[in-house]
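For this chain, numbers begin at 1 and follow the sequence in order.
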Amino acid sequence: MNNAEIQELQAAAIQEVGAAPDAASLESARVKYLGRNGRVQDVLLALRQAPVEQKRELGRLANEFKTSVQAAVDARKDALQASASVASFDVTLPGRWHGLGTRHPVTQIIDRAVEIFGQLGFTVADGPDIETTFHNFDALNTPANHPSRDPKDTFYLDDTHLLRTHTSPVQIRVMQSRKPPVRIIAPGRCYRRDTTDATHSANFHQVEGLYVDRKVSLADLKGDLTYFARQMMGPDVKIRFRPHFFPFTEPSVEYDFSCHVCHGAGCRVCKHSGWIEISGAGMVDPHVFKAVGYDSSEVTGYAFGMGVERIAMILLGVPDIRMLYDNDVRFLGQF
Ligand code: PHE
């Protein structure tokens, strides 16, 4: 074989390999050209028999023959495999489900509270998680010796900064920066040095409410909380006030919703009392108005707090607050 014949053979081989219709004919084309008894042997024979001065050039051609035909075989093999997998794609197979995320139950309750109070004209306010002792305690009429200020119960960062123990300091921030009337709710995280158990967590959420205007009364508070309770829990839920004490409200109450499961008859959810404790509320204390520069002879106001986890647990039937924070998507995805 001379040089030109080798190159012709190479072109024919590449052409034939490239046109192989399936894996079997590709393999026989490969054997025909590159196999132990294939045409490549003719090329190698020519190389062996060539005079010395031609060996260099023939060697180069023989090498090129082998590598280029092998490359054509590999390329054809890939192409055949690719089209085979398209052809065998079963369009009747069920699709793969990539799970959709869900909103966290705590977020769902907060979103719903924002929506319901929005219907009553409340807008959303917020404040920092790291608060000053002034906003968290002093301005809320909580004296220096009040037990809630004890470092056993409160996470202090230094003498004048802490992780807020409730969302009530947002009341102070809002009143400091706006003139009355104000009508806000403030959802957010709170922190207390509680030992964690089924109903306590060192980190939890509240929704604060504040309504200040001329002639706001306890009846307004009761009416608005009743509206909220019925929207959130069910249409015939009732509300009850029990006398209580908070430094920043006077009078102060704790309020309960009638049990949305047994409607007051007594069941496991309400621990057979017919009522479910939600949180505290009251009429804004004149000392608080004084601290923010409001004139308590001009305006009155009510304020309330509510525990978000508590509502989430009752409404969604979650028995242990820790389940809300384990971040187990099998649990969280149910809501
Ligand atoms: N801040 C109180 C608490 O955390 C709740 C509350 C808010 C009470 C507003 C009265 C008025 O328990």
Side-chain angles (χ1 to χ4, degrees), residues 107 109-142 148 162-190 204-232 239 241 244-255 278-308 311:
T107 308
I109 300 293
I110 289 176
D111 290 352
R112 184 82 184 110
V114 167
E115 194 179 314
I116 296 168
F117 282 110
Q119 293 159 5
L120 294 174
F122 286 75
T123 55
V124 174
D126 74 1
D129 288 20
I130 296 176
E131 265 298 2
T132 65
T133 46
F134 173 79
H135 290 91
N136 198 83
F137 291 130
D138 300 314
L140 288 163
N141 195 35
T142 308
S148 69
L162 46 72
L163 297 179
R164 66 178 176 193
T165 58
H166 49 181
T167 43
S168 299
V170 184
Q171 292 185 35
I172 302 302
R173 291 183 178 273
V174 168
M175 289 192 282
Q176 280 178 327
S177 63
R178 301 185 204 171
K179 293 203 173 333
V182 297
R183 203 195 302 232
I184 58 99
I185 58 167
R189 280 178 190 277
C190 306
F204 57 97
H205 296 73
Q206 290 185 335
V207 174
E208 191 80 9
L210 175 69
Y211 175 31
V212 181
D213 202 346
R214 291 177 203 278
K215 297 188 178 148
V216 174
S217 73
L218 207 62
D220 294 316
L221 173 63
K222 202 164 188 180
D224 291 351
L225 284 179
T226 302
Y227 179 77
F228 171 78
R230 291 186 177 166
Q231 294 292 313
M232 186 65 119
I239 187 166
F241 283 172
H244 198 70
F245 175 81
F246 294 103
F248 34 92
T249 46
E250 181 58 36
S252 301
V253 299
E254 277 195 319
Y255 60 96
I278 300 297
S279 187
M283 300 305 294
V284 179
D285 192 292
H287 290 96
V288 174
F289 281 145
K290 194 166 169 217
V292 298
Y294 277 18
D295 181 352
S296 57
S297 68
E298 284 283 316
V299 292
T300 55
Y302 73 60
F304 61 81
M306 55 181 75
V308 178
I311 295 175

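In terms of modelled atom types and a separation under 3.5 Å, the side chain of T167 and the main chain of G188 share no donor-acceptor contact. Although no hydrogens or angles enter the test, the distance criterion places no donor-acceptor pair under 3.5 Å between the side chain of T249 and the main chain of S252. Side-chain atoms of N136 come within 3.5 Å of backbone N or O of T165 as a donor-acceptor pair.
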(request) Would you check, one step at a time, whether the test side-chain contact (heavy atoms from CB on, under 4.5 Å) holds for V124 with I184? (result) CA-CA 6 Å; V124 174; I184 58 99; over 6 Å; no
(message) Please determine whether side-chain contact (heavy atoms from CB on, under 4.5 Å) holds for the pair L210 and M175, giving the CA-CA distance in whole Å, both sets of side-chain angles, and the decisive distance to 0.1 Å.
(response) CA-CA 10 Å; L210 175 69; M175 289 192 282; 3.8 Å; yes
(message) Under the criterion side-chain contact (heavy atoms from CB on, under 4.5 Å), I'd like the reasoning laid out for R164 against V170: C-alpha separation, chi angles, the key distance, then a yes or no.
(response) CA-CA 10 Å; R164 66 178 176 193; V170 184; 3.6 Å; yes
(message) Is there a side-chain contact (heavy atoms from CB on, under 4.5 Å) between D285 and F246? Walk through the geometry before answering.
(response) CA-CA 9 Å; D285 192 292; F246 294 103; over 6 Å; no
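In this structure, the side chains of S148 and F137 come closer than 4.5 Å at one or more pairs of heavy atoms. Looking at S217 and T300, their side chains never come closer than 4.5 Å, going by heavy atoms from C-beta outward. In this structure, the side chains of V288 and I172 come closer than 4.5 Å at one or more pairs of heavy atoms. Side-chain atoms of I130 and L162, non-hydrogen and from C-beta on, never get closer than 4.5 Å to each other. With contacts defined as side-chain heavy-atom distances shorter than 4.5 Å, the pair N141/K290 does not qualify.
For F304 and F228, the ring centers sit 6.0 Å or farther from each other. Centroid-to-centroid, the aromatic rings of H166 and F248 come within less than 6.0 Å.
When all heavy atoms of G127 and R173 are compared, the closest pair comes out as CA-CD, 4.4 Å. The heavy-atom pair separating I109 from M232 by the smallest distance is CG2-CE, 3.4 Å.
In this structure, D224 CG and L120 CG are separated by 5.0 Å, a value rounded to the nearest 0.5 Å. One finds the CD1 atom of I110 at 5.0 Å from the NE2 atom of H205 (value rounded to the nearest 0.5 Å).
Considering V299, V212, D213 as possible partners of V182, the one that fulfils the side chain to side chain contact (heavy atoms under 4.5 Å, CB included) test is V212.
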